[in-house]
There are 2 protein chains.
Amino acid sequence: MEKLLVNDAELCESKLVLALNDTLNVISGKWKLPIMASLLSGKKRFSEIERNIPTINPRMLSKELKELEINGIVARKVNDSKPVTVDYELTSSGYAIRPVLEVMINWGMEHRASIMGKK
Amino acid sequence: MEKLLVNDAELCESKLVLALNDTLNVISGKWKLPIMASLLSGKKRFSEIERNIPTINPRMLSKELKELEINGIVARKVNDSKPVTVDYELTSSGYAIRPVLEVMINWGMEHRASIMGKK
DNA sequence: CCGGATCCCTGGGGATACTG
DNA sequence: CAGTATCCCCAGGGATCCGG
């Protein structure tokens, strides 16, 4: 009985670790979070995101957007205008990243404050 | 007036970006989060953490612990026993990482579910 | 305008062996 | 036990140019 509880706990723990790794993998790399943050304010075009993140280069932007699309975070839409333009938008799952960002920002601010306090 | 509001907004936005970067820098690398997670359940010794994270090697563990200490996330305490043992413990700022982990885990689970739902 | 193709280079991280 | 010291490797990412 004792043993069973332990197994359940381990099972539960491993699921948490998996979920954490999912998140970590999805936001991995230097640009995913900045890109998602940029898209939080709504649908944007390739060049708009590019201007939004001045230090990124088109290769990286393209690559990261592709990965985000594969992972179901952003949706890509080609407009048949001339010249062709492309819109990127967060999926609902993508928009749901907001709480993650908020909590990270909160912790960053509080941590900085606590460091200052001790100095 | 309009212009002033824009500046405030930009100022605020840049603080948020800084805080996010603080967090990202602190948890950067492959092992910081696992180590912190391991220490969430309380003070541990070097070898205990090592056994807790089977795939890490001593060099990495040492390096990451040092960075975490420098960043005010863990506290190191040497016990003058024989042989010498060392305890690592999260600071209050370190323990405060828990909500970050929780929210990341939540998002990971929900995201996985939403992917499954669409398939 | 939106990328793809190439080349290059740095540093994060693995493996192993050694020491106080 | 709690780390150091070395050596090595590769993938993430920068720069630049090209094409639909």
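Throughout, a chain's letter reflects where its sequence line sits, starting with A, and its residues are numbered from 1.
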Between P of C:dG13 and CD1 of B:I53, the distance in whole Å: 13 Å

Phosphate OP1/OP2 of C:dG3 contacted by A:Y88 side-chain N/O (<4.0 Å): yes

My understanding is that only residues two or more places apart in sequence, or in another chain, count here; which of them pass side chain to side chain contact (heavy atoms under 4.5 Å, CB included) with A:E67? A:K32, A:K63, A:E64

Please output the side-chain donor-acceptor pairs of residues 52-59 of chain A that fall under 3.5 Å, not counting sequence neighbours, one pair per line with the distance.
from	atom 1	to	atom 2	distance (Å)
A:N52	OD1	A:S38	OG	3.3
A:N57	OD1	A:R59	N	3.2
A:N57	OD1	A:M60	N	2.9

Starting at atom CZ of B:R51, determine the distance to atom P of D:dG3, rounded to an integer number of angstrom. 14 Å

B:V74 and B:L65: which non-hydrogen atoms are nearest, and at how many Å? CG2-O, 3.8 Å

Is there a residue in residues 58-87 of chain A whose heavy atoms reach under 4.0 Å of DNA chain D, and which residues are they? A:R59, A:M60

Roughly, in whole Å, what's the span from CD1 in B:I35 to P in C:dG13? 11 Å

Hey, could you give me the CG/CG distance between B:N79 and B:D87, rounded to the nearest 0.5 Å? 4.5 Å

Using atom CH2 of A:W31 as one end and atom P of D:dG13 as the other, report the distance to the nearest whole Å. 9 Å

Check residues 18-26 of chain A and write down every donor-acceptor pair under 3.5 Å in which the side-chain atom is one partner and the other belongs to a residue at least two apart or another chain.
from	atom 1	to	atom 2	distance (Å)
A:D22	OD1	B:R112	NH2	3.1
A:D22	OD2	B:R112	NE	2.8
A:D22	OD2	B:R112	NH2	2.9
A:T23	OG1	A:A19	O	3.2
A:T23	OG1	B:M104	O	2.7
A:T23	OG1	B:G108	N	3.3
A:N25	ND2	A:N21	O	3.2

Rounding to a whole Å, what distance do you find between A:N57:CG and C:dG4:P? 13 Å

side-chain contact (heavy atoms from CB on, under 4.5 Å) assessment of B:L33 paired with B:M36: CA-CA 5 Å; B:L33 247 17; B:M36 293 176 79; 4.3 Å; yes

Under 3.5 Å for both distances, Watson-Crick or G-U wobble, that's the pair rule; now give the dot-bracket for DNA chain C, with | marking pairs to another strand and [ ] for crossing ones. |.||||||||||||||||||

May I have the distance from B:F46 (atom CZ) to D:dA2 (atom C1'), rounded to whole angstrom? 6 Å

Output a table of donor-acceptor pairs, distance under 3.5 Å, between side-chain atoms of residues 88-97 of chain B and any protein atom two or more places apart or on a different chain; print 'none' if there are none.
from	atom 1	to	atom 2	distance (Å)
B:Y88	OH	B:R76	NH1	3.4
B:T91	OG1	B:G72	O	2.8
B:T91	OG1	B:I73	O	3.2
B:T91	OG1	B:S93	N	3.4
B:T91	OG1	B:G94	N	3.0
B:S93	OG	A:H111	ND1	2.5

Would A:F46 end up clustered with A:L40 when hydrophobic side chains under 4.5 Å apart are linked, directly or stepwise? yes

Figure out the NZ/P separation between B:K44 and D:dA2, and round it to whole Å. 14 Å

Between C1' of C:dG13 and CD1 of B:I56, the distance in whole Å: 10 Å

May I have the step-by-step check of side-chain contact (heavy atoms from CB on, under 4.5 Å) for A:L39 and A:L68, ending in yes or no? CA-CA 12 Å; A:L39 289 177; A:L68 287 173; 5.9 Å; no

